[in-house]
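Chain A is the first sequence line, chain B the second, and so forth, proteins listed ahead of strands; every chain is numbered from 1. Since the model is a prediction, treat every value here as computed from it, not as a measurement.
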There are 2 protein chains.
Amino acid sequence: MSLATDRDKLQSADKPTLYKQIRIDIERRILTGEWPPGHRIPFEHELMSRYGCSRMTVSKALSELAQADLIERRRKAGTFVRRPTFLSAVLKIADIRAEIGALGRSYGYELIQCSRRTANAADRARLGARKTGKVIAIACRHSADDVPFAIEDRLIDLDAVPEAAAADFATEPPGSWLLHHVPWTEAEHSISAVVADEQAAAALDIAIGAPCLVIDRHTWRSARPLTAVRLLYPGESHKLIARFKGG
Amino acid sequence: MSLATDRDKLQSADKPTLYKQIRIDIERRILTGEWPPGHRIPFEHELMSRYGCSRMTVSKALSELAQADLIERRRKAGTFVRRPTFLSAVLKIADIRAEIGALGRSYGYELIQCSRRTANAADRARLGARKTGKVIAIACRHSADDVPFAIEDRLIDLDAVPEAAAADFATEPPGSWLLHHVPWTEAEHSISAVVADEQAAAALDIAIGAPCLVIDRHTWRSARPLTAVRLLYPGESHKLIARFKGG
DNA sequence: CACGATTTTATGTATAGACATATAGAGACG
DNA sequence: CGTCTCTATATGTCTATACATAAAATCGTG
């Protein structure tokens with residue numbers, strides 16, 4: 001009878017490091033359904049002898065899977081395949097300039113209106129801030145190859161983002177500026193559909209009553225509102241790539 | 001001169017384990033902008049003495065930050081704060097039954113049409129499969145408190161998901177069934193806006209020409225198409241929560 | 001049997017040390 | 001001055017060991 005462990009099989013396959021191979025091996029069993037949700041994964045000691053390595057190594061593999069929400073580890077009980085309650089995916093939203101650039105189209109930007117004012121009740125409600133001093137209100141238009149791509153209506157809390165006072169939004173779109181200068185901790189997106197009113201239709205060069213996609217994004221840093229933005233896209237498809245976690 | 005390290009400060013704070021405190025500490029510096037994108041984080045050896053712990057411990061903290069894409073580690077060069085090129089966020093889309101349940105509203109489901117057929121050219125194009133045998137085509141409607149919530153038009157590749165032949169889609173919505181029975185590895189969402197045509201307006205009980213949100217979702221397992229679905233929601237807001245990664 | 005105390009056990013964190021590996025930067029050479 | 005090689009170095013992986021911690025399982029008692 002052989003003393004060979006699965007380690008040989010994995011090692012012979014190719015290069016990646018051992019813990020990564022263990023991770024991939026377990027991931028495979030979960031994704032193929034061999035180990036369905038709720039299934040108890042072998043104890044670390046069993047995996048140690050199965051793969052012929054130390055506990056730290058299998059633990060590292062399991063930790064990464066746990067961080068990726070694929071498994072759940074419970075002391076004394078063991079490690080279990082998580083029951084998916086959500087289609088969990090990583091959503092990456094580029095800022096519009098980068099997005100248009102990635103499409104190989106020329107980016108155009110036009111500042112329509114930019115004003116600084118003391119926040120009124122509507123501004124505070126929109127930002128979700130109880131009290132605020134000054135805000136910047138911006139309206140602008142993004143275009144790709146000189147065709148209107150989206151219009152943007154944004155409010156920035158100047159107390160939370162004082163650096164914004166010095167930014168030149170006539171030349172740099174506020175989304176890009178914020179993305180590269182202002183760290184954030186939470187964001188919430190609300191996606192909906194509307195039909196273009198007269199104003200939006202004129203700005204986007206589409207018919208009144210044409211469908212538009214709306215993305216409302218609120219951004220916070222440690223629960224403090226930073227900015228609220230509404231983006232209006234002509235109804236043509238706007239793509240979001242969502243991949244299973246764990247590269 | 002004191003031999004005290006930052007470890008004392010962190011430890012005294014409260015409970016979490018050391019490596020987690022280190023992670024949180026570094027995360028804080030990044031999020032507050034103290035360490036801006038591109039900044040080189042102190043070498044592991046410096047962090048060792050700063051926090052008064054072993055290299056494995058700081059390495060574990062840094063590894064988690066790297067897995068969360070907050071930092072980038074390069075051999076010999078060091079560890080750097082990543083320049084965010086995307087608003088990266090975790091998107092969680094519940095299946096519609098769970099979503100309505102979470103809202104505290106009663107879920108209603110109605111199968112409109114369900115047929116099994118040999119895939120035609122249009123089916124293959126929609127699934128993105130070069131060749132397929134049989135498919136299941138499903139049309140159904142979801143409602144919340146007896147008000148139409150969304151209509152669904154779905155195609156399932158029976159070769160890739162043979163278990164679907166035995167499922168009873170008259171009682172269980174296909175989205176829920178698939179989520180709980182079929183593991184997947186990749187999904188792609190395409191979100192757009194349309195106006196309701198006569199048929200959609202009738203099914204959703206809205207006016208013709210009213211805005212609707214469309215979500216097209218394609219799901220694969222190891223590059224093999226499993227299902228393609230189009231969901232049509234009345235234009236009222238459909239919320240997606242996106243949070244900064246790394247809890 | 002109910003219920004609280006004790007034991008057992010699987011994971012969680014931390015350590016020191018070792019070797020692997022990629023690569024930035026220095027130095028050699030044409 | 002460019003390019004090539006070599007070396008120093010920071011991260012990457014792995015081990016063996018130790019103790020901490022949470023919770024399931026067991027035991028003991030009223």
S.K.: Starting at atom OH of Y51(A), determine the distance to atom C1' of dC14(D), rounded to an integer number of angstrom.
M.R.: 17 Å
S.K.: Between protein and nucleic acid, restricted to nucleotides 9-11 of chain D and to nitrogen or oxygen atoms under 3.5 Å apart, what atom pairs and distances do you find?
M.R.:
residue: dT9(D); atom: O4'; partner: K76(B); partner atom: NZ; Å: 3.3
residue: dA10(D); atom: O4'; partner: K76(B); partner atom: O; Å: 3.4
residue: dT11(D); atom: OP1; partner: T79(B); partner atom: OG1; Å: 3.4
residue: dT11(D); atom: OP2; partner: E44(B); partner atom: N; Å: 3.1
residue: dT11(D); atom: O2; partner: R75(B); partner atom: NE; Å: 3.4

S.K.: So how far is it from F149(B) CZ to L103(B) CG, rounded to the nearest 0.5 Å?
M.R.: 6.0 Å
S.K.: Taking C-beta and beyond as the side chain, do M56(A) and Y19(A) meet within less than 4.5 Å on heavy atoms?
M.R.: no
S.K.: If every non-hydrogen atom of T32(B) is compared with every non-hydrogen atom of P183(A), which pair is closest and at what distance?
M.R.: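 Looking at all heavy atoms of both residues, the closest pair is C-CG, 4.0 Å.
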S.K.: Would you mind reading off the distance between L65(A) atom CG and dG12(C) atom P, rounded to a whole angstrom?
M.R.: 12 Å
S.K.: How close or far is atom C1' of dT15(D) from atom CD1 of I22(A), stated in whole angstroms?
M.R.: 13 Å
S.K.: Between I156(B) and V135(B), is the side chain to side chain contact (heavy atoms under 4.5 Å, CB included) condition met? List the steps.
M.R.: CA-CA 6 Å; I156(B) 301 175; V135(B) 296; over 6 Å; no
S.K.: With heavy-atom distances below 4.5 Å as the criterion, would you say the side chains of W220(A) and R224(A) are in contact?
M.R.: no
S.K.: Nearest whole angstrom, please: distance from the C1' of dT13(D) to the NZ of K20(A).
M.R.: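 Rounding to the nearest Å, NZ of K20(A) and C1' of dT13(D) are 10 Å apart.
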S.K.: What is the distance, to the nearest angstrom, from the NZ atom on K60(B) to the P atom on dC14(D)?
M.R.: 15 Å
S.K.: Measure the distance from CE on M56(A) to C1' on dA18(C) and round it to the nearest whole Å.
M.R.: 14 Å
S.K.: Count the heavy atoms belonging to other residues, nucleotides or ligands that lie under 6.0 Å from CG of D168(B), then report whether that count exceeds 12.
M.R.: yes
S.K.: On the nucleotide dG12(C), are OP1 or OP2 found under 4.0 Å from the side-chain N or O atoms that S59(A) carries?
M.R.: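 Checking S59(A) against dG12(C): no side-chain N or O falls below 4.0 Å of OP1 or OP2.
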S.K.: Atom pairs under 3.5 Å, N or O on each side, protein against nucleotides 26-28 of chain C: can you list them with distances?
M.R.:
none

S.K.: Write down the distance between CD (E46(A)) and P (dT9(C)), rounded to a whole number of angstrom.
M.R.: 14 Å
S.K.: Once you round it to whole Å, what is the distance between P of dA24(C) and CZ of R40(B)?
M.R.: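 After rounding, the reported distance stands at 14 Å.
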S.K.: Examine dT15(D): is either OP1 or OP2 under 4.0 Å from a nitrogen or oxygen in the side chain of T57(A)? Give yes or no.
M.R.: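 For T57(A), the contact criterion (side-chain N or O under 4.0 Å from OP1 or OP2 of dT15(D)) is met.
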S.K.: Would R97(A) and E172(A) count as a salt bridge (Lys or Arg N to Asp or Glu O under 4.0 Å) here? Give the steps.
M.R.: CA-CA 10 Å; R97(A) 182 169 62 180; E172(A) 181 163 26; 3.6 Å; yes
S.K.: Between H142(B) and Y107(B), how do the two ring planes meet: parallel, tilted or perpendicular, split at 30° and 60°?
M.R.: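 The rings of H142(B) and Y107(B) sit tilted, inter-plane angle from 30° to 60°.
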S.K.: Does some side-chain heavy atom of L226(B) sit less than 4.5 Å from a side-chain heavy atom of V182(B)?
M.R.: yes
S.K.: Strictly below 4.0 Å: does S54(A) bring a side-chain N or O up to OP1 or OP2 of dC14(D)?
M.R.: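 No, S54(A) has no side-chain N/O under 4.0 Å of OP1/OP2 on dC14(D).
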